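Structure first, commentary second.
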There are 2 protein chains.
Amino acid sequence: MRSLADRIEAYIKQMLEVSEQGFVELQRSEIAQIFACVPSQINYVLSTRFSPEQGYLVESRRGGGGYLRIIKLDVDSKEWLSDLIAMVDNSFVSQQAGEGLVDRLLEEEFLTDREALLVKAIISREALPVPLPQRDLVRAHLLKAVLVTLMRDEFQ
Amino acid sequence: MRSLADRIEAYIKQMLEVSEQGFVELQRSEIAQIFACVPSQINYVLSTRFSPEQGYLVESRRGGGGYLRIIKLDVDSKEWLSDLIAMVDNSFVSQQAGEGLVDRLLEEEFLTDREALLVKAIISREALPVPLPQRDLVRAHLLKAVLVTLMRDEFQ
DNA sequence: TATCTTTTGACCTTACTTGACCTTAGTTCC
DNA sequence: GGAACTAAGGTCAAGTAAGGTCAAAAGATA
């Protein structure tokens, strides 16, 4: 049974797909009502599935007329790759966040299906016999190596 | 009298037969309940009967909505890969040896040029911020993950 | 009897869910 | 124009729901 968080994630991605403009605006309390959950659940979904490394930006405003705006970063250029490299550099990346990144690279056709499978296998816990928190550091390095390779000219 | 482990093994293999997609998803606690045993018994069965060497890959997720996914590998047409997995398993692999392996995979057309570049980047010294001799161990694990992925059905 | 396999349970890690409390932005009313 | 009120969203810690690990005990086998 998929979790509530998964379903909310799918719902938002669906809205993004439909939207055309590359972003959606919604009310936290409204979504919470649709899924019959506490509002803070939405924040959990946003922070675990719509992070910058995963290619999303979330803007918001409080108070009357408040909203959440979820923006799918446009990534037609290599600039995005360098941004990602900067983000990943010297950071810690969980398996979940890493898979999100790979999914995004796949979506933007920087990677093929096969390549995405390979990279996911490589950043999985079982492939990295290193204790935490070092493991998340190694994973970040691996992803950086992948991103750098994607920027190489021979790689087209 | 067949052991509990044997019966659980048979049960899962039966499910795989039926499945069509080449994998099954199940809950550890659910299976444990069916066989009235402790959940960790399922891990025992998975690790002794569903290893990559035996032609299976197990993925999992913890937490709410967690699951086990058991994937049947395409083992018949790829005997050579199984042999390589056995070689790499629990060994230390230098960067040079690793690159040699990748080159062979490329020659045999198990990998494309791009994939080979990616894998080489991943097993390079710079991508692995781990001191020797541990680094060679991590590299071995990474190569094993690659080889196992090559045996997946979706990877055609 | 010695060794190998299986079974069990205590303890661990990861992921998700909930709710109490906080901050910010408008709105209304002297 | 400030005080009080209302309408959002934000944070964080505790609780819950999975699966993972490891070692000891029990059972099977040679």
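Since this is a predicted model, take the numbers as computed values, not measurements.
Ion pairing between A:K120 and A:E99 fails under the 4.0 Å rule for side-chain N and carboxylate O. Salt bridge status for A:R135 with A:E126: absent, with no side-chain N to carboxylate O gap under 4.0 Å. Salt-bridge formation is detected for the pair A:D6/B:R61: a Lys NZ or Arg NE/NH1/NH2 atom is positioned less than 4.0 Å from an Asp or Glu carboxylate oxygen. The existence of a salt bridge linking A:K13 and A:E9 is confirmed by a sub-4.0 Å separation between a basic side-chain nitrogen and an acidic carboxylate oxygen. A salt bridge links A:R104 with A:E108; the closest basic N to acidic carboxylate O contact falls under 4.0 Å.
Going from atom CZ of B:R7 over to atom P of C:dT6 covers 13 Å, rounded to whole Å. Residue A:F35 contributes atom CZ, which lies 11 Å from atom P of C:dT17 at whole-angstrom precision. Look at CG on B:L4: it is 9 Å from C1' on C:dT6, rounded to the nearest Å. Rounded to an integer number of Å, the gap from CZ of A:R69 to P of D:dA8 is 17 Å.
Crowding of B:E20 atom CD: a count of heavy atoms from other residues, nucleotides or ligands under 6.0 Å not exceeding 12.
Taking 4.0 angstrom as the limit, A:Q41 places none of its side-chain polar atoms (N or O) nearer than this to OP1 or OP2 of C:dG19. Look at A:Y44 and you'll find a side-chain N or O under 4.0 angstrom from OP1 or OP2 of C:dC16.
Cluster partners of A:F92 are A:L137, counting Ile, Leu, Val, Met, Phe, Trp and Tyr whose side-chain heavy atoms approach within less than 4.5 Å, directly or via other members. Hydrophobic cluster of B:Y56: the remaining members, joined at side-chain heavy-atom separations below 4.5 Å, are B:L4, B:I8, B:Y11, B:I12, B:M15, B:L16, B:V24, B:L26, B:I31, B:I34, B:F35, B:I42, B:V45, B:L46, B:F50, B:V58, B:L68, B:I70, listed by chain and number. B:Y67 belongs to no multi-residue hydrophobic cluster, having no ILVMFWY side-chain contact under 4.5 Å with any other such residue.
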How does protein reach along nucleotides 15-30 of chain D, written 5' to 3' as B (base within reach of a heavy atom under 4.0 Å), S (only sugar-phosphate), or - (no contact)? --BBBBB---------
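Within residues 47-55 of chain A, no residue approaches DNA chain D, by heavy-atom distance under 4.0 Å. Residues of residues 119-143 of chain A having a heavy atom closer than 4.0 Å to DNA chain D: none are found.
The closest donor-acceptor contact from the side chain of B:Q95 to the backbone of B:R125 lies under 3.5 Å.
For the residue pair B:S51/B:Q54, the side-chain donor-acceptor check at 3.5 Å is satisfied.
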